[in-house]
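Here is the structure we will look at.
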Protein chains: 2
Amino acid sequence: MSWRKERRAERGYHHGNLKEALLQAALGLIAEKGAAGFTFADAARMAGVSAAAPYRHFRDRDELLSSIAQRGFEQFEARLTAAWDDGRPDTVTAFERVGRAYLAFAREEPAFYNAMFESGLPVDANPALQAASERAFNIIRAAAERLAALAPPGTPRPPAMMMALHIWSMSHGVASLFSRGDAARRKLPMSPDELLEAEVLIYLRGLGFPTDRRPAAKSAEPPPVPPEASSGSGVPPGGPWGKPK
Amino acid sequence: MSWRKERRAERGYHHGNLKEALLQAALGLIAEKGAAGFTFADAARMAGVSAAAPYRHFRDRDELLSSIAQRGFEQFEARLTAAWDDGRPDTVTAFERVGRAYLAFAREEPAFYNAMFESGLPVDANPALQAASERAFNIIRAAAERLAALAPPGTPRPPAMMMALHIWSMSHGVASLFSRGDAARRKLPMSPDELLEAEVLIYLRGLGFPTDRRPAAKSAEPPPVPPEASSGSGVPPGGPWGKPK
DNA sequence: GGCTCATGTAAAAGCCGTTCACATGAGCTG
DNA sequence: CAGCTCATGTGAACGGCTTTTACATGAGCC
């Protein structure tokens, strides 16, 4: 390992770490100008190499984009996994934390999110990419599975896969429409996080899950799910949408 | 009006209808290759003019894209309006029809949808575009308003704006993730339409709206909303997700 | 020390967006 | 109908991007 040339102000003929440098440069460029505006040549320039050099590491511009998306899905999976925390302290709380993690990722990693969901690259054309995407979705799926198992007795048990797809679509919808770029400037009555939280809570209630602790004004809904379902999930009094002033 | 030259096989120096021809050409190209892949030069070629000609009608490529998005929002609004049909025959049925119209538009007008939601053009930078987008959203908003007014007594009335945003995010999420391009090839347990319908129904139920006619197994939920809320909205027996086999 | 191969470069071809000076001819004006 | 004018289209040119090709460099290995 002789590449302490990184420390040298001027690098020699060989870069020594070009692949990684290109990925980082691209990440920055995408965050700035979007996947559409990002150019291969710019990334090369930023890394201080000629325009042809990147082709030693990526077949073409799309493969660089795919690599970033791939990395993005991996980080995404990691963050969802951490948020889920295997359902602690209780399933509903953890479930909502996953939703917030989705939004947080979209907000905090705009470049990854862009490459993953907005770059228009064909995810299913790349098996590795598709697998990474699937692994991320499986976190939501697993969480939904656990949640479905807690469905109140007496009601038909919702299919976990469907729940997972529903939650995914809500998260993705809110993130795409309200939590990114220009769309974020739309004047909303509440933050994207609050919006999604309320949406998920209402949805879960629609499935029969008790989602708050206020004595419900309408019907007898015993809390039959033993240590669960009565969580610190922070539902404000007045329902999932604050006070109806 | 002297432009019956359209009938002439060869047009003369002047096209006579270039602006419209360019819009149509672009629409076709975007449907084929996405807004990112669409090129100004290609549209010109397809219209049979030089590469510089389009600049007599659009400031640049982005303005052409904006024009298409604008037209898209107008058609979108028209379709949502028709689907809503002023809440006939009943609010819930009409509401769900709006959701399906959202998906149908995404499916049947991929070029418009792409320009509107996936091209990455700054909607709020163009006042006309933003206004058109707002008008489309206002259909959903109006529908939510009507729906909110029907909230069962005894429950806190949900803010209509929030409901509208929720429905929008669900529709957009399902359309983006499952109803377009490659993502549509994901293996789903149900069609995007069914997925969205179930999602909306569960959500509405979470708000306290009675969404089907089966004698509920759990609580006394009188149908207090006079001629409404018990609609032909086609909820299959077994809840919004078919039979839990 | 010398070989070799991964890694980088320069140059070139082909495309695109955009601009500019110039051409054309449709419609008005008299 | 003659002639003018201005919207609309053309061709050439500039710079930038992607990608390929032939060639240069030097790091690691014998």
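Just so it is clear, the values below take in all heavy atoms, side chains as well, and ignore hydrogens, waters and symmetry mates. Below, read A as the first sequence line, B as the second, and so on, with proteins coming before strands; counting in each chain starts at 1. Quick caveat, the model's predicted, so the values are computed rather than measured.
Within the 4.5 Å cutoff, the side chain of L103(B) has no heavy atoms near those of the F178(B) side chain.
Residue L65(B) contributes atom CG, which lies 11 Å from atom P of dG17(C) at whole-angstrom precision. For D60(A) and dT19(D), the CG to P distance is 5 Å, given to the nearest whole Å. The CZ atom of R61(B) sits 15 Å away from the P atom of dT19(C) (whole-angstrom rounding). Protein atom CG of L22(B) is 12 Å distant from nucleotide atom P of dT8(D), rounded to whole Å. Atom pair L18(A):CG and dG8(C):P shows a separation of 5 Å (rounding to whole Å applied). Rounded to an integer number of Å, the gap from NE2 of H57(A) to C1' of dT19(D) is 16 Å. Atom CZ in F58(B) sits about 18 Å away from atom C1' in dT19(C), given to the nearest Å. If you take CZ of R59(B) and C1' of dG17(C), they are 14 Å apart, rounded to a whole angstrom.
If you take CD on E118(A) and OG on S119(B), they are separated by 11.0 Å, rounding to the nearest 0.5 Å.
Using a 4.0 Å cut-off on heavy atoms, the residues of residues 43-55 of chain A that approach DNA chain C are V49(A), S50(A), A52(A), A53(A), listed by number.
In the set dT18(D), dT9(C), dG25(C), the nucleotide with an atom closest to the side chain of H14(B) is dG25(C). For A41(B), counting side-chain heavy atoms from C-beta on, the closest listed nucleotide (dT19(D), dG9(D), dC16(C)) is dC16(C).
Between A47(B) and A21(B), the shortest heavy-atom contact is CB-CB, 4.3 Å.
For R146(B) (side chain) and D86(B) (main-chain N/O), a donor-acceptor pair under 3.5 Å exists by modelled atom type.
Side-chain contact check for Q70(B) and E74(B): at least one donor-acceptor pair (N or O, by modelled atom type) lies under 3.5 Å.
A sub-4.0 Å separation between OP1 or OP2 of dG17(C) and a side-chain N or O of T39(B) is present.
For K33(B) and F38(B), the positive end is not near the middle of the six-membered ring at less than 6.0 Å and at most 45° from its axis.
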Between L27(B) and F112(B), is the side-chain contact (heavy atoms from CB on, under 4.5 Å) condition met? List the steps. CA-CA 7 Å; L27(B) 212 48; F112(B) 280 130; 3.7 Å; yes
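Along DNA chain C, the nucleotide nearest to F38(B) and the one nearest to R56(B) differ in position, and the one closer to the 5' end is contacted by F38(B).
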